[in-house]
Amino acid sequence: MKNSTILKNKGRKSAGSLLLLALVVPALLLIFMVDSATARTSETTSRGHSMRIRVHDTLVWTDRGDIEAEIHFGSEVAARIIGRYGLYDDKDLTLYVNLVARTLAENSNRPELYYTVGILDTDIINAFATPGGFIFITRGAIDVMKNEAELAGAIAHEMIHINQKHIVKELKIRGKSGGPMATMGKLIGGAGETFQVAFSQAVDGAMNVLFKNGYQQTDELEADTMGVMLASASGYEPTALVDLFERIVASEKEISATDRGVIASMELAKGSGKKPGDKGYEKPKGLIAGTADMLKRGVGSVAEGVGSVAGAVGDTTIVSGATGMVKKGVTAVGDTAIVSGATGMVKKGVGAVGDTAIVKGTTGLVKQGVGTVVEGVGTVAGAVVGTVDSTVQSVADTALKTTAIAKITNVSYLKQLHPPFNKRIEWIENTIESQGLAGGEYRTEKGRFVEYTKD
Amino acid sequence: MKRLFFSLVFSVVIIPIAFASQNIYVQSKSAKIMSDPSFKSEIAGKAKRGDALSVTETGKGWYKVEFGSITGWVNKLNVSKTPPMNKVSVIDKAGESIELKARRRSSAVTSAAAARGLSEKDRERKSSEGDADFNSLRKLENMTRQIPEEDVEKFNNPEK
């Protein structure tokens, strides 16, 4: 009797264990299968390409709050970008670029986002994207484009940076449904000053990705790959981005082949002839980056125009990347001054700098150039250095020169931040071939690009 | 007994595993299902936003899927592992103060929704310092949101 009860109990236990086994094992195996499926995806793609195509491999946010947080974060960064350059005040053109973006968005895999595109009022050639759907393209970039497909290619590229959460990943921000919380978790955890500081630091981090360190190379190439696919899925000629990149590369070569010194002299000669305080004097615009870059290239002639500049220049290579320059180790006082200038520039924004920058870098020379700089825009901080001719006029002229070469400068800037254009062109061409994008029925225009952009 | 055990294991463990597949969801307005993993191949069918596709194979930026009677490849550009969500906007909530947010999320270390950024006052200060321009951003957002869907449709299909 006793034995029989034990046996029965044993039988029940066995059945219970079996049931448990039957439920747990499949669950574990299913989890394993899903995981390994994801792993296989990465593995397969990495065999085909040198880059992993990572589509929603880590950050699939399903929580509405996570997405709201992403948008809030992105809007803070976006406001800073606008604060730096300002928006180009052309409603028709702005609506037009947004129509292009909306066309692309229909093929995007993030339908929950509103994409907002702004045009930045600057000559430099660049485009930016911040988390949550904010895209910016510069007036200078639109100027070098030939058709709508090129514009669509650039916007699609930025859209992929958003969709793939490249900045969010770079800063290791995780949301409620996206795994362990890091940076954003800290922000969410507390209110008040601590919260604000942490949040500001995260925003600073995003600005660093956009303006200083750049995206990871794999992210940049992923944006190229998927951007081209997105543009073509929306009916735009996929080779347009290649055309745009080739034009930028060509313009760089064209400039390289020119006597930079002559250019420098000519630009200097274009000076307004008016000094700060004169009626009709216009505050020069431009980037210190432009100055630095020009100086690098135009040493010979610049030396004649503003001797001090040439002296300051030497082998200066910074393009708004003051830090980079410092790292390289600059020996000349003049160079250091420029570097400092660039730093100040970065901190305070275009045109606001000058004084601080110079004070940092060129103590002796500041005495001669300070007044000029304050009036003549920080832009010319580099030129001020040395200021052999310390008149206001020479500096103001130099500032104008800087404006004139802003586009050239930016090419170098882009080259610093991205994989080289030649590599990207090759990459995009491979994508077009391998994904079977070539030869489709595409358009270069849906709207009226020329009408909106080339008045 | 042994037979019972094996049939139980087979029916409860093996069968579900054999038929287990992962669903993905179309996020774009529509998605072409191609006969091969290439945009150049034949179009096997189409799916629309929200449709669930059953994945049977993955590779090189493409998923092999089954969708009803259609079998083919869909590009990862158009899909995600979760169903599509409605539009998320934070414009209306932008004026919310940080304190209010903190209170509202009293239990919400778990919710990223609480990360609202700076308060309106801080934004104004930052704007006045020239560090950021929230007003222009908001104007831009408001302007672009007012583009009607019909205009996008017309722009996208100028021939119609």
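Reminder, nothing fancy here: chain letters follow the sequence lines and each chain counts from 1. Everything quoted here is computed from the prediction, not taken from an experiment.
Between chain B and the options A/Val77, A/Ile81, A/Val203, A/Leu230, heavy-atom pairs under 4.5 Å are most frequent for A/Leu230. By number of non-hydrogen pairs under 4.5 angstrom with chain A, the leading residue of B/Arg145, B/Lys40, B/Glu141 is B/Arg145. Chain B forms the most heavy-atom pairs under 4.5 Å with one residue out of A/Gly439, A/Gly436, A/Gly133, and that residue is A/Gly436.
Interface remark: A/Ile160 contributes side-chain atoms only to the contact with chain B (heavy atom separation under 4.5 Å). Heavy-atom distances place both the backbone and the side chain of B/Glu149 under 4.5 Å from chain A. With a 4.5 Å cut-off on non-hydrogen atoms, B/Asp36 does not touch chain A at all. Contacts between A/Val100 and chain B at a heavy-atom distance below 4.5 Å involve backbone atoms as well as side-chain atoms. Looking at A/Leu113, only its backbone comes within 4.5 Å of chain B, counting heavy atoms on both sides. For A/Glu148, the part lying near chain B is the side chain, with the backbone staying farther off; criterion is any non-hydrogen pair under 4.5 Å.
Ring geometry, A/Tyr96 versus B/Phe155: the interplanar angle exceeds 60°, so the pair is classed perpendicular (tilted spans 30 to 60°).
In the model, B/Asn86 has no side-chain atom that pairs as donor or acceptor with a side-chain atom of A/Glu112 under 3.5 Å. Counted by atom type alone, A/Asn107 and B/Ser28 present zero donor-acceptor pairs between their side chains at under 3.5 Å. A donor and an acceptor atom, one from each side chain of B/Asn157 and B/Glu153, are located under 3.5 Å apart.
Using a distance-only test at 3.5 Å, with no hydrogens or angles considered, no donor-acceptor pair links the side chain of A/Arg80 to the main chain of B/Ala132.
Across A/Ser108 and A/Tyr115, no two heavy atoms sit closer than the pair OG-OH, 2.9 Å.
Distance check: B/Asn78 CG to B/Lys29 NZ gives 13.5 Å after rounding to the nearest 0.5 Å.
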